[in-house]
Amino acid sequence: MTSPRSNTPYTRRSLRVIDPENHDGSAEYKRQVHKQLSTTRLRTLSTQMSYRLDEGKGRCTYHVGVEDDGCHSLLDYPSISESAWILESIARSLNSVVLERKMIQNEIVVAGQDKDHKDVLRVTEDRGEVIVVEEPPVLGYHSHGRTSGYAGEGRTADEDAKEEKLGSEHGDGDETEKKSKTKFCTEEGSYTRCELLIQRVETHLLDPSPLSLSSMSRGSSFGEGVDGAAAATDLANLSLKEKKEDERTAAAPRTAPHRKDPASPAAKNGKKAAYDPAHADDQPVSVEETLSSRNIRVAVVGNVDAGKSTLIGTLTTSFLDDGRGSARTSIMKHRHEIESGRTSTSSTHLLGFRQGGEAIAGRDKVRSNKMKSEDEIARASFRIVTLMDLAGHEKYLKTTIHGVSSGMADYGLILVNSRHPPTHMTQHHLNLCCSYGIPVVVVFTKVDGCPDHALATSKKELAKLLKSPDIGRRPFAIKTEADVATCAGKLQHLAPMIDISCVTGEGLPLLRKLLFGLPKRRRHEKKVNRPFEFLVEDVFSNVPGVGSVVSGFVNAGELDVGASQVYVGPTDDGTFLKTVAKSAHIARINTSHITAGQSATLAFSLNKEMRKKLRRGMVVMRDPPASTRQFDAEICVLKGEGTTIRESYQAYVHILNVRQTAFARNIEIVNNNALGLPPSHGAKHDAEGIVLRPGSRAKVRFEFAKRPEYIRPGMRMLFRDGRVRGVGIITGIPTIAAAG
């Protein structure tokens with residue numbers, strides 16, 4: 001092999017030192033990363049590193065100075081050191097640190113000369129001659145500059161020094177000259193490669209001001225930082241003062257308190273567990289656990305002018321509103337929503353909290369004042385509150401009902417415009433939450449500039465609604481943090497009321513403290529041992545490069561991606577599609593395992609004809625399921641406007657994520673006397689059969705009008721014909737259709 005200066009890049013880089021790169025897995029190969037990079041390129045490198053970290057469950061290895069086929073890139077130390085510094089900076093922007101930074105030399109040696117008197121290179125056969133230097137990472141988590149032989153087979157620097165000293169004492173000059181040739185070289189012309197071991201850690205363990213990709217892409221600041229990278233990582237030039245400073249930098253993350261797992265012994269004893277990189281596998285950062293067992297789902301409902309989207313935008317971004325809709329603009333999905341100010345679709349937004357209760361800002365001033373993505377918030381949070389933004393206009397009441405039905409909400413925020421008395425929509429939203437047994441928190445918005453008499457009138461009218469027999473809640477005004485602690489755990493009987501303003505910030509700290517202190521009501525983690533059940537809420541038929549993708553909620557069980565076949569359906573004819581889940585994401589984080597209580601997306605391997613059959617309201621199961629068109633339910637007709645229900649009554653039924661028109665085929669009266677209800681609640685008999693009126697309870701057999709659905713006993717249902725008419729629980733499935 002000739003010298004690298006006399007051959008093409010292809011022939012130069014054909015000396016294999018490690019195995020070829022695998023497209024999957026936690027190892028990434030890089031020839032070189034240049035310092036003059038655009039923000040787009042840095043973002044690509046950041047996404048690539050995030051993927052490798054996800055593949056390695058929080059840990060990955062970067063091989064710098066190596067081709068994709070495992071051949072040495074034949075680059076010198078300054079180029080490799082510069083590339084390693086850039087990758088460390090990218091790792092810091094991903095809430096990660098470099099645990100080990102190994103510089104490897106003397107793998108490529110000169111075997112002789114060819115006929116043109118040019119050097120021929122080869123891979124060394126004596127692995128003991130390979131020099132491996134563990135340098136301190138620039139941004140912390142470093143060892144103390146020790147050197148070791150390759151894979152433990154070579155010599156350490158201390159051993160070399162001792163042998164050289166002994167050789168000089170005994171006059172062994174030739175041996176000393178041989179050993180001096182194997183010293184680590186930081187000059188140009190020394191073939192070097194680097195191995196970086198990167199570990200993802202929790203955000204509160206890191207420096208509060210991580211390097212941003214946008215600042216790294218600026219030529220001046222980025223170049224200045226890289227120019228000093230070689231000197232900063234050169235062991236020969238590290239002064240005692242610099243070493244102490246590096247040790248102090250690395251010690252800060254090590255001694256920072258690690259987030260406690262409620263089930264861990266340390267948490268039970270009240271002790272704080274320290275993060276130890278050497279035992280990172282024993283202390284994994286579990287984003288999956290945060291998104292399931294420590295995730296509180298809150299439905300935000302209210303009238304069209306109550307300011308629901310504005311409140312969610314203010315909470316998630318930590319920026320106050322300007323009074324002209326700046327906060328709501330940051331979370332709205334469609335252009336017509338931004339122009340009209342009315343939310344027409346349901347959407348979810350993450351509000352993260354650290355272990356001490358501090359809210360995580362959704363906008364990072366360091367990162368060009370842009371919104372944080374869901375994965376950044378999820379990885380930085382100890383507890384997450386998922387805020388579901390629902391429509392408030394009466395025209396979109398069907399969408400709001402479906403959002404509450406399928407949202408698995410733990411609590412509900414009822415927003416009321418303090419400048420106007422509660423409207424009929426406020427009463428509908430209160431009845432809707434109480435029908436599903438969801439505790440409510442009342443928030444009076446826009447209190448800045450609101451006259452005192454108008455606020456008092458609004459509170460008085462709402463107190464009447466809360467005390468009505470249909471709702472049965474006692475209003476409780478929250479003024480101080482002590483009031484927040486008082487109402488904790490009593491929301492089944494109390495309805496906390498908070499006055500806030502998204503313009504001045506009044507009441508927002510109390511609301512954040514209340515949201516952080518809410519206990520989780522739905523314990524989906526107890527459903528892990530049940531059969532896997534994934535409720536489809538939205539469908540993306542053809543995602544470029546991926547295929548068919550569905551989003552939804554894992555209601556029970558757990559699933560390993562690609563481990564087994566799953567059934568998706570039912571289709572219009574009641575059959576199920578048999579396929580394989582290729583990949584899964586939770587909060588935009590790639591994962592191979594999803595469990596009960598998580599909102600996730602799944603990608604399926606389906607052909608074009610099968611993709612057309614996907615729709616909302618389907619279910620994904622691992623065991624062969626069954627569909628049905630008829631079901632029995634025990635219902636209660638809500639009080640309100642006059643409604644008569646008899647056989648052939650047609651209503652729109654909501655059962656979790658299923659929504660479809662159904663007919664009442666058979667009605668049986670429930671014994672009201674056994675339930676202690678007065679005779680006025682009984683159903684009436686007339687010439688045409690049984691008639692149900694407001695307050696009546698009965699067992700009704702429903703039949704879907706269009707297609708069969710997957711439902712099971714125990715699911716809660718709601719039916720309406722314009723307005724909400726009644727609620728019930730499914731008690732049985734009379735006819736079952738076999739799965740396809």
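- Note on Asp68 versus Arg31: no salt bridge recorded, every NZ/NE/NH1/NH2 to OD/OE distance being 4.0 Å or above.
- For the atom pair CG (Leu559) and CD1 (Ile594), the distance works out to 5.0 Å, reported to the nearest 0.5 Å.
- Put simply, the side chain of Thr192 gets close to the backbone of Ser190: a donor and an acceptor are under 3.5 Å apart.
- In terms of modelled atom types and a separation under 3.5 Å, the side chain of Ser50 and the main chain of Ser46 share no donor-acceptor contact.
- Partners of Arg52 under the salt bridge (Lys or Arg N to Asp or Glu O under 4.0 Å) rule, at least two apart in sequence or in another chain, are Glu21, Glu28.
- For Glu88 and Arg101, the salt-bridge test passes: some basic side-chain N is under 4.0 Å from an acidic carboxylate O.
- Residues Val550 and Phe534 have side chains in contact (heavy-atom distance under 4.5 Å, counting atoms from C-beta outward).
- Using modelled atom types, no side-chain atom of Arg59 and backbone atom of Leu197 make a donor-acceptor pair closer than 3.5 Å.
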> Between Glu107 and Arg193, is a side-chain contact (heavy atoms from CB on, under 4.5 Å) present by the stated rule, with each step listed?
Replying inline: CA-CA 9 Å; Glu107 283 185 307; Arg193 68 180 179 92; 2.5 Å; yes

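- Once rounded to the nearest 0.5 Å, the distance linking CG of Leu87 with NZ of Lys30 reads 8.0 Å.
- Residues Val33 and Trp85 have side chains not in contact (no heavy-atom distance under 4.5 Å, counting atoms from C-beta outward).
- Residues Ala584 and Asn590 approach most closely at O-OD1, 3.2 Å, considering heavy atoms.
- Taking NE2 from His63 and CD1 from Ile104, the interatomic distance works out to 8.5 Å, rounded to the nearest 0.5 Å.
- Glu67 and Ser73 are linked by a side-chain donor-acceptor pair at a separation below 3.5 angstrom, with hydrogens and angles left out of the test.
- Judged purely by atom type and a 3.5 angstrom limit, Arg16 uses its side chain to pair as donor or acceptor with the backbone of Asp69.
- Between the Ser26 side chain and the Cys60 main chain, no donor and acceptor come within less than 3.5 Å of each other.
- Judged purely by atom type and a 3.5 angstrom limit, Glu358 has no side-chain atom pairing as donor or acceptor with the backbone of Phe353.
- For Ser551, the side-chain contact (heavy atoms from CB on, under 4.5 Å) test picks out Asp538, Phe540, Thr601, with sequence neighbours left out.
- Put simply, the side chain of Ile90 does not reach to within 4.5 Å of the side chain of Arg92, judged on heavy atoms.
- Panel note: side chain Ser381, backbone Ile377; a donor-acceptor pair is recorded below 3.5 Å.
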>> Run Val132 and Met103 through side-chain contact (heavy atoms from CB on, under 4.5 Å) and show every step you take.
In response: CA-CA 6 Å; Val132 181; Met103 292 292 181; over 6 Å; no

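- Here the side chain of Thr591 pairs no donor or acceptor atom with the backbone of His585 at under 3.5 angstrom.
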>> I'd like to know whether Tyr29 forms a side-chain hydrogen bond (donor to acceptor under 3.5 Å, both in side chains) with Asn22, so could you lay out the CA-CA distance, the side-chain angles of the two residues, the decisive distance to 0.1 Å, and finally the verdict.
In response: CA-CA 9 Å; Tyr29 294 6; Asn22 189 357; over 6 Å; no

>> side-chain contact (heavy atoms from CB on, under 4.5 Å), that's the test. Do Phe604 and Leu602 meet it? Break it down for me.
In response: CA-CA 6 Å; Phe604 296 129; Leu602 294 175; 4.0 Å; yes

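- Among the candidates His593, Arg622, Gln598, the single residue satisfying the side chain to side chain donor-acceptor pair (under 3.5 Å) test with Glu558 is His593.
- Between the side chain of Asn607 and the backbone N or O of Met610, at least one donor-acceptor pair lies under 3.5 Å.
- Checking each of Ile198, Thr44, Asp54 against Met49 for a side chain to side chain contact (heavy atoms under 4.5 Å, CB included) leaves exactly one that passes, namely Ile198.
- For Asp76, there are no salt bridge (Lys or Arg N to Asp or Glu O under 4.0 Å) partners two or more places apart in sequence or in a different chain.
- Taken to the nearest 0.5 Å, the OG atom of Ser605 stands 10.0 Å off from the CD atom of Gln565.
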> Taking it one step at a time, do Val554 and Thr595 satisfy side-chain contact (heavy atoms from CB on, under 4.5 Å)?
Replying inline: CA-CA 6 Å; Val554 185; Thr595 185; 5.8 Å; no

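- The backbone N or O of Val546 lies less than 3.5 Å from a partner atom in the side chain of Lys582, making a donor-acceptor pair.
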